[in-house]
**Student:** 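Could you have a look at this structure, given as structure tokens, before my questions?
Proteins get letters first, then strands, A, B, ... in listed order; numbering begins at 1 in each. Every value quoted in this text rests on a predicted model; they were computed, and no experiment measured them. All values below come from the heavy atoms of this structure, side chains included, with hydrogens, waters and symmetry mates left out.
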Number of protein chains: 2
Amino acid sequence: MAATMKDIARRTGLGLATISSYFNGGNVREKNRIKIEEAIEELHYEVNEVARGLKTNATRTIGVVIPELNNTFCAEIITGMEDVLRSHGYATIVCDCRTDKKLEREAVEFLIRRRVDGIINMPVDEEGNHLKRFQKMGKPIVLIDRKIQGIDCDSVLVDNKKAAEDAVRYFIGRGHRNIGIIGGPEEVFTAQERMAGYYKALESAGIPVRESLIWHGDYTIQGGVRGLEELVQNNPEMTAVFVTNYEMTMGAMIGVNELGIRIPEQLSMIGFDNLQFARACNPKLTIVAQPTDGIAREVAKVMLNHLENAGETSGELFSEKLETEIIAGKSVRVLA
Amino acid sequence: MAATMKDIARRTGLGLATISSYFNGGNVREKNRIKIEEAIEELHYEVNEVARGLKTNATRTIGVVIPELNNTFCAEIITGMEDVLRSHGYATIVCDCRTDKKLEREAVEFLIRRRVDGIINMPVDEEGNHLKRFQKMGKPIVLIDRKIQGIDCDSVLVDNKKAAEDAVRYFIGRGHRNIGIIGGPEEVFTAQERMAGYYKALESAGIPVRESLIWHGDYTIQGGVRGLEELVQNNPEMTAVFVTNYEMTMGAMIGVNELGIRIPEQLSMIGFDNLQFARACNPKLTIVAQPTDGIAREVAKVMLNHLENAGETSGELFSEKLETEIIAGKSVRVLA
DNA sequence: CTGAAAGCGCTAACAT
DNA sequence: ATGTTAGCGCTTTCAG
């Protein structure tokens, strides 16, 4: 069907090695280079990366396993990573595992069969069993948003504890003491960290933690709606609420609208991620913003490092912790 | 490195053909089947899809080329497609071309080198030159959101003209006559169709079209902000505005907030896509909703049809046009 | 039902 | 610098 190197060899009268050398940056006599390029043009030749992959045992393909593509945070990170990976000649196969451990494991097996050169994973299974086999093959893994005991690999994290601490302190500094939190799933690492930050900020301000002010959500829009409704209903004295991811922030705003609560007069709020959404809220929402683009580029960079330097980097594990930022809106009232 | 079929053959004492037959649904004697399965287990064997792809000239991989992964509409469609494709054993390589024709062409060439079995494309280049070579290879293409003259292939569309017509009629039916529109890029097909619907609704109601009420945006958030500001400034008498995609809808809400305009008292609005965002707006936004999940599943289905049936379907081109729906909020005022 | 052998398109010694 | 050749891991005739 498609033209092969053999066709080019025949057409130019050159040997296969010369053609291959041409494609791999070797030295080719000027005259022959021109002949080869003419042949490529006329035959519409395109390198067959599948054959190359079989031979070199490197597919120039990276597998990405994430909990939800439909989650803005994930989508933004993938956009950034794919951009830099493709510009280096790497393809990205994205697998959305729907926050399901079984699907996550299947995704990794799927990627192993396709012989990807590396896996980038925002892990759902905190045990990391799904990654063990891939790691034994000696191929690089980069984790996003959490480390896993027993999987020695690079990771790019965000300082989620501090992020939450900052947010709660922001409330406290403006006179709030009855501060609610809509947290994430208890088994999710980022959710644990954000919750820890909430505790820490309260404790260091000498404010007792009250269970009724804590809602464990599921990082979904509907979870945010529900969480807001419950917190408001159970805590008439609550003056502020911190929502710990974007989807739930959107849900909390929906809840606020549907209950007819006025922000910030009746309730102050700090949300998470997505500055544009925050701006579109009325009044503009104060949020904790993660450096998504920074994470994406960092992850891609770390992965490329492994791939291009091969054995060299094998020494120490890389692990960076990026900082978040509070972007002030008008959703937090200053109490007398 | 990893175990191969040869290893299994050696370990079981069987021939390669038997092992291959086992993997491809052929008949294998019960006793041998068990032996093979034991060997697979012990050797942690995983089929090498790369080698298989070289031999069969089919990679079980689909390329997807879209203008912006970071656009919710695209992200939702990809989520849905990837789900059904992977469940049929197909990998998806997503290429975000940043709404750039040159990058779009490069993406297709990239996918050709990787010998994908089919391409799904939400095209940026309306000429379709980027797809010609792939089509000549006899492999299937499915287009989303627009057809291209000269590229005979299946397509899944949305009735965008009717979508806009419905929205504008919704305004007219509630007494509005000075209706603005924040349109998309003039060269983009969906934007043309939505604009055409705007014209048609006005004309059939006998309302003259006024240029000052039309803003040509660029489908970005910032474009929406700008469009709203300009329309409001240039049209004091405007009572309603229709925004024609999600990003610009968000932008328009930002503009509304930043200008301190009250909805619907001072201005009525109908947005596009993303029901959840609409619910999070205060007051709840009335929107035109596209059946994203329906589109995603349809596209994947059509592609799989080609792939699994091979030559059979080559007859007629498939082209479905899905309907949108207006989801009422409280952002449209009824004029006396 | 199973074994032997050819070959998919490429790369990488090795020889010239 | 260029030609020759083996072989990556699999599928697929063709025999047996």
**Student:** Using residues 147-154 of chain A as the side-chain source, report each donor-acceptor pair under 3.5 Å to any protein atom, sequence neighbours left out, with the distance given to one decimal.
**Tutor:**
| from | atom 1 | to | atom 2 | distance (Å) |
| --- | --- | --- | --- | --- |
| A/Lys147 | NZ | A/Ser319 | OG | 3.3 |
| A/Asp154 | OD1 | A/Phe318 | N | 2.7 |
| A/Asp154 | OD2 | A/His306 | NE2 | 2.7 |

**Student:** Base, backbone or nothing for each nucleotide of nucleotides 1-6 of chain C, written B, S, -, heavy atoms under 4.0 angstrom, 5' to 3'?
**Tutor:** SSBB--

**Student:** Of all the nucleotides listed (C/dC8, D/dG9, C/dC10), which has the minimum atom distance to the side chain of A/Lys6?
**Tutor:** C/dC8

**Student:** Specify the separation, in whole Å, of atom CZ of A/Arg114 and atom C1' of D/dG9.
**Tutor:**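 Rounding to the nearest Å, CZ of A/Arg114 and C1' of D/dG9 are 15 Å apart.
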
**Student:** What's B/Tyr22 touching, base or sugar-phosphate or nothing? Going by heavy atoms closer than 4.0 Å.
**Tutor:**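 It contacts nothing in the nucleic acid.
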
**Student:** For A/Ile36 and C/dC10, give me the distance from atom CD1 to atom P, rounded to whole Å.
**Tutor:**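 Going from CD1 in A/Ile36 over to P in C/dC10 covers 13 Å.
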
**Student:** Would you indicate what A/Thr56 reaches in the nucleic acid, counting non-hydrogen atoms under 4.0 angstrom: base, sugar-phosphate, or nothing?
**Tutor:** sugar-phosphate

**Student:** Would you say the side-chain atoms of A/Asp125 pair up with the backbone N or O of A/Lys101, donor to acceptor, closer than 3.5 Å?
**Tutor:**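 Between the backbone of A/Lys101 and the side chain of A/Asp125 there is no qualifying donor-acceptor contact (under 3.5 Å).
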
**Student:** Roughly how many Å is it from CD in A/Glu30 to P in D/dA1, rounded to a whole number?
**Tutor:**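 Going from CD in A/Glu30 over to P in D/dA1 covers 13 Å.
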
**Student:** Could you list the residues that satisfy salt bridge (Lys or Arg N to Asp or Glu O under 4.0 Å) with A/Glu82, not counting sequence neighbours?
**Tutor:** A/Arg86

**Student:** Does B/Lys6 NZ have over 12 foreign heavy atoms under 6.0 Å away?
**Tutor:** no

**Student:** Sort me out a list of protein N/O and nucleotides 14-16 of chain D N/O pairs below 3.5 Å, or just none if empty.
**Tutor:**
none

**Student:** Report yes if a side-chain nitrogen or oxygen of B/Asn24 is closer than 4.0 Å to either non-bridging phosphate oxygen (OP1 or OP2) of D/dT11; otherwise report no.
**Tutor:** yes

**Student:** Choosing from C/dC10, C/dT11, D/dC10, which nucleotide comes nearest the side chain of B/Thr4?
**Tutor:**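 Taking heavy atoms from C-beta onward, the closest nucleotide is D/dC10.
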
**Student:** With sequence neighbours excluded, what pairs up with A/Glu187 under the salt bridge (Lys or Arg N to Asp or Glu O under 4.0 Å) test?
**Tutor:**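 Partners of A/Glu187 by the salt bridge (Lys or Arg N to Asp or Glu O under 4.0 Å) criterion come out as none, since no residue qualifies.
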
**Student:** Would you check if A/Ile295 and A/Glu76 make a side-chain contact, meaning some heavy-atom pair closer than 4.5 Å?
**Tutor:**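 No. Closest side-chain heavy atoms not under 4.5 Å.
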
**Student:** Please enumerate all residues that pass side chain to side chain donor-acceptor pair (under 3.5 Å) together with A/Arg114, with sequence neighbours excluded.
**Tutor:** B/Thr61

**Student:** Below 4.0 angstrom, N of the basic side chain to O of the carboxylate: do B/Arg52 and B/Glu49 qualify?
**Tutor:**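 So B/Arg52 pairs with B/Glu49 through a salt bridge.
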
